[in-house]
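In what follows, a single structure is set out as structure tokens and then discussed.
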Number of protein chains: 2
Amino acid sequence: MKISELVETSGVPLPTVKYYLREGLLPPGRSTGRTRAEYGDEHVHRLAVIRALIEVVGLSVQQVRTILALIETAPRSPAELFDVLGRAVGTLTDASQPAPAEDYPRARAALERLGQLYDPRYAAVAQLERALAAAEAAGVPATPERIDVYGAAMRQVAQFDLEEIPEEPAAAVEYAVVGTAVHGPVLAALRRLAHQDLAAQRLGITGAE
Amino acid sequence: MKISELVETSGVPLPTVKYYLREGLLPPGRSTGRTRAEYGDEHVHRLAVIRALIEVVGLSVQQVRTILALIETAPRSPAELFDVLGRAVGTLTDASQPAPAEDYPRARAALERLGQLYDPRYAAVAQLERALAAAEAAGVPATPERIDVYGAAMRQVAQFDLEEIPEEPAAAVEYAVVGTAVHGPVLAALRRLAHQDLAAQRLGITGAE
DNA sequence: TGCGCTGGATAGTACCGCTATCCAATACTG
DNA sequence: CAGTATTGGATAGCGGTACTATCCAGCGCA
């Protein structure tokens with residue numbers, strides 16, 4: 001497949017494809033002559049993943065690069081898979097604020113309440129702390145009851161997520177990382193639709209107006 | 001409170017406060033002389049909300065402006081509250097892609113499966129469609145079983161969210177809109193922490209290492 | 001043989017969220 | 001009442017990001 005065909009099938013403009021190549025998001029094609037290179041289905045797929053992560057999940061090019069690099073690594077053990085996943089999840093959280101704290105009191109309280117492990121080195125712990133602090137400052141603090149409900153719901157979601165991860169280690173990383181990321185917006189949309197559905201029910205609004 | 005005091009108590013730099021005033025995110029203070037104005041606690045609170053929406057939720061200044069404008073409106077009936085909330089939720093979804101379609105097949109299938117109302121005019125429906133399409137293109141499609149699990153979990157979350165909305169109409173809008181937005185990152189963080197907790201359990205990893 | 005695509009490089013653009021500077025008017029301070 | 005600091009208001013600049021455009025020489029294909 002020539003680059004022009006890759007552009008056509010993927011729908012991504014040529015300058016953008018070149019940009020992704022430059023930035024190392026897209027691996028170069030197999031060179032066949034000094035001004036020719038051959039691209040394959042994996043390039044089409046990779047482009048779809050890149051666009052999903054950037055456009056739908058809203059990640060930066062830098063974050064996508066990190067995640068794609070992690071996907072390339074084939075874990076040699078379940079523990080290594082776990083480690084790679086942890087680092088991938090870490091890059092999902094916007095790292096604009098380094099938040100180099102060593103204790104996250106709100107997150108710790110929440111996790112203890114949920115009976116989950118509190119380890120301040122997890123990036124998601126810092127993210128939780130920031131979110132809880134912001135909610136508090138904005139006047140809509142997350143009460144313990146809210147934490148209970150949210151925690152239980154997310155546990156069900158996570159349970160399902162883990163079950164769906166394929167056994168085969170190489171596929172597992174990509175599936176888990178990309179899946180976690182792109183299913184996030186699905187969850188957010190479903191939450192909003194549930195709001196609207198429940199509110200409509202409550203108001204006795206039956207259908208479109 | 002002078003503007004310098006507002007800057008001090010809020011922690012937001014003076015140029016940024018001026019910027020928010022210019023952009024209409026922060027209402028002007030009560031003018032007391034041609035070069036003086038008086039700010040109150042509501043300005044401090046407003047700044048906290050703005051920072052939470054921009055820094056933690058990741059909204060654009062334009063989105064924040066729209067949402068704050070909606071908050072100002074005092075609904076006169078539950079139906080109007082519902083309408084305002086719907087529009088607020090609409091602005092939460094990134095509007096970079098207009099997606100002016102009139103049918104969203106993936107979203108419709110998902111909502112029918114969940115027994116929820118499908119109305120293509122809801123912004124969240126378009127968002128769901130985009131997320132499902134991206135997941136599909138990226139090779140991690142949301143299966144019907146996943147939709148079931150996610151839908152049920154989000155329904156529990158939404159149920160709780162609605163219960164917590166105060167009766168008083170003026171407070172209700174702000175609470176519902178800001179709460180929906182800032183609790184989103186809390187949910188995302190809890191999902192990732194649930195992943196890690198369950199994965200650690202499964203691997204027999206008991207603590208930090 | 002010539003036309004056009006290709007890889008590669010470099011430069012430019014558009015937007016966003018601030019941030020900095022300047023100014024004149026005015027308020028407080030001694 | 002003089003002097004200094006602060007304020008509102010306006011304008012301009014900055015730094016980052018994600019592209020987008022242009023140019024070029026060298027092929028490859030017809």
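Lettering of chains follows the sequences in order, A, B, ..., and the numbering in each one begins at 1. These numbers come from the heavy atoms of this one structure, side chains and all, not from hydrogens, waters or symmetry mates.
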Between the protein and nucleotides 20-23 of chain D, are there any N/O to N/O pairs under 3.5 Å, and if so, what are the atom names and distances?
from: D:dT20; atom 1: OP2; to: A:Thr16; atom 2: OG1; distance (Å): 3.2
from: D:dT20; atom 1: O4; to: A:Arg22; atom 2: NH2; distance (Å): 2.9

Contact under 4.0 Å: B:Ser60 side-chain N or O vs C:dC16 OP1/OP2:
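Looking at the OP1 and OP2 atoms of C:dC16, neither is under 4.0 Å from any side-chain N or O of B:Ser60.
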Please confirm whether the shortest side-chain N or O distance from A:Tyr20 to OP1 or OP2 of D:dA18 is below 4.0 Å.
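Result: no.
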Side chains of [X] and [Y] in contact at under 4.5 Å (non-hydrogen atoms):
| X | Y | result |
| --- | --- | --- |
| A:Glu174 | A:His45 | yes |
| B:Thr16 | B:Arg51 | yes |
| B:Asp197 | A:Leu114 | no |
| A:Leu68 | A:Ile50 | yes |

Counting only heavy atoms not in A:Glu8, do more than 12 sit closer than 6.0 Å to its CD atom?
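No - once you tally the heavy atoms of other residues, nucleotides and ligands closer than 6.0 Å, there are 12 at most.
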Whole angstrom value for the distance that separates [atom2] of [N] from [atom1] of [X]:
| X | N | atom1 | atom2 | result |
| --- | --- | --- | --- | --- |
| A:Ile3 | C:dG7 | CD1 | C1' | 8 Å |
| A:Leu47 | D:dA18 | CG | C1' | 15 Å |
| A:Arg65 | D:dC19 | CZ | P | 13 Å |
| A:Lys2 | C:dC5 | NZ | P | 8 Å |
| B:Leu14 | D:dT7 | CG | P | 8 Å |
| B:Ile54 | C:dT19 | CD1 | P | 11 Å |
| B:Gln63 | C:dC16 | CD | C1' | 12 Å |
| A:Glu23 | C:dG8 | CD | P | 15 Å |

Got a salt bridge between B:Arg146 and B:Glu136, using NZ or NE/NH1/NH2 to carboxylate O under 4.0 Å?
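No salt bridge links B:Arg146 with B:Glu136.
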So, A:Arg30 and A:Glu42, do they make that salt bridge, N to O below 4.0 Å?
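Result for this pair is no, no salt bridge flagged.
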Along nucleotides 24-30 of chain C, 5' to 3', which nucleotides get a B, which get an S, and which get a -, given that the test is a protein heavy-atom distance under 4.0 Å?
-BSS---
Touch check for B:Leu21, heavy atoms < 4.0 angstrom, all strands: base, sugar-phosphate only, or nothing?
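Here B:Leu21 touches no strand at all.
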When you measure from the side chain of B:Glu129 to the backbone of B:Ala107, do you find a donor-acceptor pair of N or O atoms at a distance under 3.5 Å?
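Side chain of B:Glu129 to backbone of B:Ala107, a donor-acceptor pair under 3.5 Å: yes, one is there.
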Sidechain-backbone polar pair: B:His43 side chain, B:Pro27 backbone, donor-acceptor under 3.5 Å
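Flag set: sc B:His43 to bb B:Pro27 pair under 3.5 Å.
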